[in-house]
There are 2 protein chains.
Amino acid sequence: MVPQTPETESTRSINFLASAMPAEETLSELADLFHVLGDLTRIRILCALSISELRVSEIAELLSMSSSAISHQLRVLRQARLVRLTRKGRSSIYALDDDHVRTIFDQGFRHVRHSAPWGKDNSHA
Amino acid sequence: MVPQTPETESTRSINFLASAMPAEETLSELADLFHVLGDLTRIRILCALSISELRVSEIAELLSMSSSAISHQLRVLRQARLVRLTRKGRSSIYALDDDHVRTIFDQGFRHVRHSAPWGKDNSHA
DNA sequence: ATGATATATGAATATGTGAGCATATGTGCA
DNA sequence: TGCACATATGCTCACATATTCATATATCAT
């Protein structure tokens, strides 16, 4: 039996690549993580929390946004395990979940710095 | 002249925080970077390119998607300076723009691994 | 208990976006 | 030149999502 589509050089490479790719679920979780980080409001929240623990109302004031909007976004950050919450009286104190959230941040900063200003050359146009 | 809103302890903290925050434009660029990374298709493309340089058609075959869809996403990745393109005959060869794209990736992986499986405890519910 | 304060959540809406289709551009070959 | 191949790009639509508004829940003070 001859296969209907002959195995070209390229096809062999593709098959090798496919086997070298991480599990789809891992990639999906990675995309989800970055997706959560890919919003200015959430970045601002995380940045603030990287300096100090804060209550919802404090974040709201700092960012000049409604407590409701902040609370919604904190929920997203919580579900992504990027922030952690401890109750204190009527307030909820939010903090970065752990230090490598900061590390991911730093890497991002480094990239932004490294490739800024935009338009350094035109090989990306 | 007495200010209409008295400067509370909290307000002072907020003012300090505000001054400690990076420039809004920097945060915006950071959010943009993560936003580009926050898509499964683009993650799969970057992951493939982290293994080997590839042509558009090869990526399309690997991911079982149309060349058009891949080309669209490669444009986004190009504009974010995450991939670089060199022409070779009729083809376009794509590659990761530089190594710290890989580093950002690795940090992401580390986070995903570290906090997986989901539901380890319920402090994030 | 009652009211005041802090946060959380549900619904509605406006904005953004990924993929498909059609088409354009560009390259190699007869 | 004319054709085939590889990639790029408008356009459109279905779907996702960030904020607002209204409301619910929880805690403290009187």
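Just so it is clear, the model here is predicted, and its values are computed rather than measured. Per chain, numbering begins at 1; letters A, B, ... match sequence-line order.
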For this session: Ignoring backbone atoms, test whether Tyr94(A) places a side-chain nitrogen or oxygen under 4.0 Å from the OP1 or OP2 oxygen of dA8(C).
Result: yes
For this session: Classify the nucleic acid contact of Ser67(B) as base, sugar-phosphate or nothing, counting any heavy atom under 4.0 Å across all strands shown.
Result: nothing
Exercise. Atom CZ in Phe105(B), atom CG in Leu46(B): separation rounded to 0.5 Å?
Worked result: 4.5 Å
Problem set entry | Ser91(B) side chain near dT27(C) phosphate (N/O to OP1/OP2, under 4.0 Å) | no
Problem set entry | Spacing of His35(B) atom NE2 and Ile43(A) atom CD1 [to the nearest 0.5 Å] | 11.5 Å
Exercise. Given dT9(D), is OP1 or OP2 found less than 4.0 Å from the side-chain N or O atoms of Ser71(B)?
Worked result: no
Exercise. To the nearest 0.5 Å, how far apart are CZ in Arg102(A) and CG in Leu49(A)?
Worked result: 9.5 Å
Exercise. When the distance from NZ of Lys88(B) to P of dG28(C) is rounded to whole Å, what number comes out?
Worked result: 12 Å
Exercise. Out of dT20(D), dG28(C), dT7(D), which has the shortest distance to the side chain of Ser66(A)?
Worked result: dT20(D)
Exercise. Which whole-number value in Å describes the distance from Met65(B) CE to dC21(C) P?
Worked result: 12 Å
Problem set entry | dG16(C) base / His35(B) side chain donor-acceptor hit below 3.5 Å | no
Exercise. Quick one: Phe34(A) CZ to dT17(D) P, roughly how many Å, whole number?
Worked result: 17 Å
Exercise. Going through the checks in order, is the side-chain contact (heavy atoms from CB on, under 4.5 Å) test met by Arg44(A) and Gln73(A)?
Worked result: CA-CA 11 Å; Arg44(A) 298 210 289 165; Gln73(A) 296 296 9; over 6 Å; no
For this session: Classify the side chain of Ser68(A) versus the base of dT9(C) as yes if they form a donor-acceptor pair under 3.5 Å and no if they do not.
Result: yes
Exercise. In whole Å, what is the span from the CD1 atom of Ile59(B) to the C1' atom of dA19(C)?
Worked result: 16 Å
Exercise. When the distance from CG of Leu54(B) to C1' of dT7(D) is rounded to whole Å, what number comes out?
Worked result: 15 Å
Exercise. Hey, does the side chain of Ser57(A) come within less than 4.0 Å of dT5(C)'s phosphate (OP1/OP2), counting only N and O?
Worked result: no
For this session: Give a yes/no answer on whether the side chain of Arg75(B) brings an N or O atom under 4.0 Å of OP1 or OP2 in dT7(D).
Result: no
Problem set entry | Contact summary for Val56(B) and Tyr94(B), nearest pair of heavy atoms | CG2-CE1, 3.7 Å
Exercise. Phosphate oxygens OP1/OP2 of dT7(D): is one of them under 4.0 Å from a side-chain N or O of Arg87(B)?
Worked result: no
Exercise. Given atom CZ of Arg55(B) and atom C1' of dA8(D), what is their separation to the nearest angstrom?
Worked result: 16 Å
Seminar exercise, completed: On DNA chain D, more 5' by nearest nucleotide between Arg90(A) and His72(B) is His72(B)
Exercise. Given atom CD of Glu61(B) and atom C1' of dA6(D), what is their separation to the nearest angstrom?
Worked result: 14 Å
For this session: Starting from P on dG18(C), measure out to CG on Leu37(B) and report it in whole angstrom.
Result: 12 Å
Exercise. Using a cut-off of less than 4.0 Å, is there contact between a side-chain N or O of Arg42(A) and OP1 or OP2 of dA18(D)?
Worked result: yes
